[in-house]
2 protein chains.
Amino acid sequence: MSVGIRHDDLRRRNRAMVISAVRRAGQPSRTEIAATTGLSHSTISAISSDLIQEGILSESKASEAVSLKRGRPQVGLALNPEAAAVLTVVLSLNFLSVAVIDYAGQVIAEEQRRLDTLTMPRDELIGECTAIVRRRLEDPDLDVQSIARIALAIQGITDSHARAMLWSPITPQTNIAFADILEGEFGIPATMENDCNMMAVALRWRDPDRYRDDFIAILLSHGIGMGLVLKGELFTGTHSSGGEFGHMIHRPGGALCRCGRRGCVEAYAGNYAIWRNARQLSENAEPVADVSDADMRALAARAREADGPEREAYRRAGEALGFGLGSLFALIDPAPVAMVGVSAGAFDLIEPALREAIAQTAGGQHSGSISFDTEPNELPLIREGCAMRALSFVDQEIFAPGIQAKPGKKDVA
Amino acid sequence: MSVGIRHDDLRRRNRAMVISAVRRAGQPSRTEIAATTGLSHSTISAISSDLIQEGILSESKASEAVSLKRGRPQVGLALNPEAAAVLTVVLSLNFLSVAVIDYAGQVIAEEQRRLDTLTMPRDELIGECTAIVRRRLEDPDLDVQSIARIALAIQGITDSHARAMLWSPITPQTNIAFADILEGEFGIPATMENDCNMMAVALRWRDPDRYRDDFIAILLSHGIGMGLVLKGELFTGTHSSGGEFGHMIHRPGGALCRCGRRGCVEAYAGNYAIWRNARQLSENAEPVADVSDADMRALAARAREADGPEREAYRRAGEALGFGLGSLFALIDPAPVAMVGVSAGAFDLIEPALREAIAQTAGGQHSGSISFDTEPNELPLIREGCAMRALSFVDQEIFAPGIQAKPGKKDVA
DNA sequence: CAGTATTTTTTCGAGGCTCGAAAAAATAGA
DNA sequence: TCTATTTTTTCGAGCCTCGAAAAAATACTG
């Protein structure tokens, strides 16, 4: 339902815009902010003076760059690190990690923990998460008044409102309302995010030139995941986090996937699938629960050495990814791709077959111009994404309160 | 780049919102508008009084429903049909049709014309389009001061800014900047829309209960097209109209598609593919240029009569559509589907295999709850969609001028 | 049939926001 | 030290929305 703009929304939105401009630009002057937002200098002056008084921004006296121009020097505005803090929790296969981040985005505390997620009962899994959060919150060394927000990321499917984990390969448990659980336990607003979406968010902050309005982040790990940004917004499904690239159908009735179905892209390109093919096992062979990163790297090394079943396994992975991307490109058109995760380190083995496959699809006409980046380590990306997600929430919902979640929807027609 | 909200945007946006509320609701009272927009009665009163004075809205004295409540009766606001007029042009295989629509959405003039689009040279094709528009504009019977907007729809791929046709199956020509051509010729703002997108727009207006925020319109015709609405907005690709569902890959290296590639969904489910399979021709056989609707209906009749190659052809079409939808659902989650076009009339033959295929995919868990509607006639839908598209432009860009195209983009993180 | 209750719509003053112009502040060059 | 230049703040004007109260228009009631 479309909703009008009230008078007081105006200030709130423009406040949010100023904060966001500072977060993006680092240390912009008031004049720069006025230029990027299109608001008048008077308005920016008024808003930033408010924000400084409230302790959200601070003037960075250190005019490092010796002013080359004459005239009154610009004074940079920066986020006040002590204005708030957020907490990120990343839950992946057999691994739980948490970090406390200050308002400026610096990690100020962290803790990591190995645990056996696959066999853990429900209560224990939840208990481990709340316990690790509690330890960070109650840490006497941490001189943070309070945590404004918790962002939790998990491998798997979450709901589109970022409240619950619906399904995850790291545990047989389903439908855990992590956001509600953490909020109930600690009284801090929380969200439950999809890991690949957080990768995409992080890439956008890391390299806004390359990853701006439209790009694809694909996780090549035990499973295949995707985070998708279209028209500058994170793409989600109608009910869930969506974007389950790994479960698009590559070959109807084909190889057995970890999800129990057949012919998914993941059943050819996931670590377990590459492993299965490298060992020349049947396509019907039950997927193994886990292949260590070291084993995968060894596999890639063998594939590079000689033209054997290992190389063929990577070729098939590339083919599946290529046809999958081709179908995806038929829907969204080609866009820059970032390959993330341990098998991104073997992208040299994957790329030829991948490009050959794409060339046979709707993406084909641009197949040469599609560029792939690789980043073998997904965990730092996921954590960064969570941090930015949580901080942006603080920027917009806490420091520019009352703003409507969605600007009045425009009509389709 | 995010941009601040200026003070005068406020009025403009709220004006647009009031107009849009009236277009959607038919004849809402000021009180109803205040309720749906969340704005105060005073504001609605001021804005609607402006709009009436400007001749955009009118009070519909005819308080038809004899007021059952006591108190001052509500007075409905309606769009003034004479406030503006728009023109729609629909270009499909061998067929060109144009209509003039008043501001309230009623058709006030139309013209249709058969032509041989497949063999026509570029200039002639463009010439036919401008000529038919010119005839409507210069029609002395038409007592319309001026046309405020032209919306042109074509089967095929358009660019994401709705300016040009990039590729179309109805002509060998490519990259025709129809929007610029029409604007140059007549000095009237114009857009070049994808036909399936217009179907989706029309469905949303026809049945907003079923087709609201997330749904899929699939054209089952000579080719396979799709219009997709996600989160209340029309989905487009990063460069083109996108959503080329028909060219997702069903079987790598499979049947020959009209697009020259292999294994596309369309190569199994397009009319020419059903025709090819029904005749038991090779999958490599060159697609025929056109199959008449009558021939397709006869084919469906034979398939219903006996279990022969015709029935098998529809089964294969269903299978391809099902696996395609399965892959689509992996990305966007299941959503209501409208099947449009001549082969939607044979959906009884398609549905069983389609559902069986979906059940084997990520959409499987909800396969029972996915509902399909059918609408065998795409042309009226496309025209209606164009009309609503053009009228919405007038609502927002002309009668609420200066509004920024996009509200300041929210950050991904 | 006049008076009262009820609901819708308009009017009016208050408060808040952004803007442009002008003033103030802060620096580099002359 | 003075001047030119650039950034930032100040201040009044002009809009816009809002709430409260008034006005308008009808149904009920005795």
Side-chain angles (χ1 to χ4, degrees), chain A residues 3-18 22 27-53 57-77 400 402-404 408, chain B residues 3-18 22 27-53 57-77 400 402-404 408:
Chain A
V3 74
I5 302 182
R6 312 270 216 59
H7 201 204
D8 33 344
D9 292 340
L10 225 162
R11 206 12 158 355
R12 285 166 178 154
R13 290 200 193 199
N14 287 341
R15 269 175 74 105
M17 196 134 324
V18 170
V22 175
Q27 296 200 342
S29 70
R30 292 167 175 80
T31 309
E32 282 167 26
I33 297 176
T36 60
T37 60
L39 297 171
S40 73
H41 289 189
S42 349
T43 303
I44 300 301
S45 182
I47 291 177
S48 47
S49 138
D50 283 357
L51 291 173
I52 290 170
Q53 203 129 43
L57 299 185
S58 59
E59 293 191 333
S60 67
K61 290 285 175 190
S63 63
E64 39 191 84
V66 179
S67 53
L68 301 163
K69 298 178 297 185
R70 72 186 191 175
R72 179 174 175 172
Q74 303 189 351
V75 41
L77 295 178
I403 199 169
Q404 284 152 4
Chain B
V3 75
I5 302 183
R6 310 272 216 58
H7 201 206
D8 33 343
D9 292 339
L10 225 163
R11 208 5 154 7
R12 286 167 179 154
R13 289 197 193 200
N14 287 340
R15 268 175 75 104
M17 196 134 323
V18 169
V22 174
Q27 295 201 341
S29 70
R30 293 166 175 80
T31 310
E32 282 167 26
I33 298 175
T36 60
T37 60
L39 297 171
S40 73
H41 289 191
S42 349
T43 303
I44 301 302
S45 181
I47 292 177
S48 47
S49 138
D50 283 358
L51 291 173
I52 290 171
Q53 204 129 42
L57 299 186
S58 60
E59 292 191 334
S60 67
K61 290 282 176 193
S63 62
E64 40 191 83
V66 178
S67 54
L68 300 163
K69 297 176 299 184
R70 70 189 192 174
R72 178 173 175 174
Q74 301 189 353
V75 39
L77 295 177
I403 199 170
Q404 285 152 2

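Order of the sequence lines sets the chain letters (A, B, ...), proteins ahead of strands, with each chain counted from 1. All values below come from the heavy atoms of this structure, side chains included, with hydrogens, waters and symmetry mates left out.
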- prompt: Who passes side-chain hydrogen bond (donor to acceptor under 3.5 Å, both in side chains) against B:S45, sequence neighbours left out?
  reply: none

- prompt: Would you say a side-chain N or O of B:N14 is under 4.0 Å from OP1 or OP2 of D:dT17?
  reply: yes

message: Measuring to OP1 and OP2 of C:dC17, would you say a side-chain N or O of A:T43 lies under 4.0 angstrom away?
response: no

task: Could you pull out all residues at least two apart from B:S40 that satisfy side chain to side chain contact (heavy atoms under 4.5 Å, CB included)?
output: B:S42, B:T43

query: In whole angstroms, how far is the P atom of D:dA24 from the CZ atom of B:R30?
result: 15 Å

task: Output all residues satisfying side-chain hydrogen bond (donor to acceptor under 3.5 Å, both in side chains) with A:S58, sequence neighbours left out; order by chain, then residue number.
output: none

Protein-nucleotides 14-16 of chain C N/O pairs under 3.5 Å:
| unit_1 | atom_1 | unit_2 | atom_2 | d |
| --- | --- | --- | --- | --- |
| C:dG15 | N2 | A:H7 | ND1 | 3.3 |

task: Return one dot-bracket line describing DNA chain D 5' to 3' (Watson-Crick or G-U wobble pairs, both distances under 3.5 Å; ( ) same strand, [ ] crossing, | another strand, . none).
output: ||||||||||||||||||||||||||||||

Identify each atom pair where a protein N or O and an N or O of nucleotides 19-22 of chain D are less than 3.5 Å apart, giving names and distance.
| unit_1 | atom_1 | unit_2 | atom_2 | d |
| --- | --- | --- | --- | --- |
| D:dG19 | N7 | B:S42 | OG | 3.1 |
| D:dG19 | O6 | B:S42 | OG | 2.8 |

At a cut-off of 3.5 Å, list every protein nitrogen or oxygen paired with a nitrogen or oxygen from nucleotides 28-30 of chain D, distance to 0.1 Å.
| unit_1 | atom_1 | unit_2 | atom_2 | d |
| --- | --- | --- | --- | --- |
| D:dC28 | O4' | B:R70 | NH1 | 2.8 |

field: Closest-nucleotide ordering on DNA chain C, the 5'-leading residue of A:I44 and B:S45
entry: B:S45

By ring-ring contact (aromatic ring centres under 6.0 Å, His included) - contacts of B:H7 (at least two apart): A:H7

field: side-chain hydrogen bond (donor to acceptor under 3.5 Å, both in side chains) partners of A:R11, counting only residues at least two apart
entry: none

field: salt bridge (Lys or Arg N to Asp or Glu O under 4.0 Å) contacts in which one or both residues fall within residues 30-47 of chain B, not counting sequence neighbours
entry: B:R30-B:E59

message: Once hydrogens and angles are ignored, does a donor-acceptor distance under 3.5 Å link the base of C:dT7 to the side chain of B:R72?
response: no

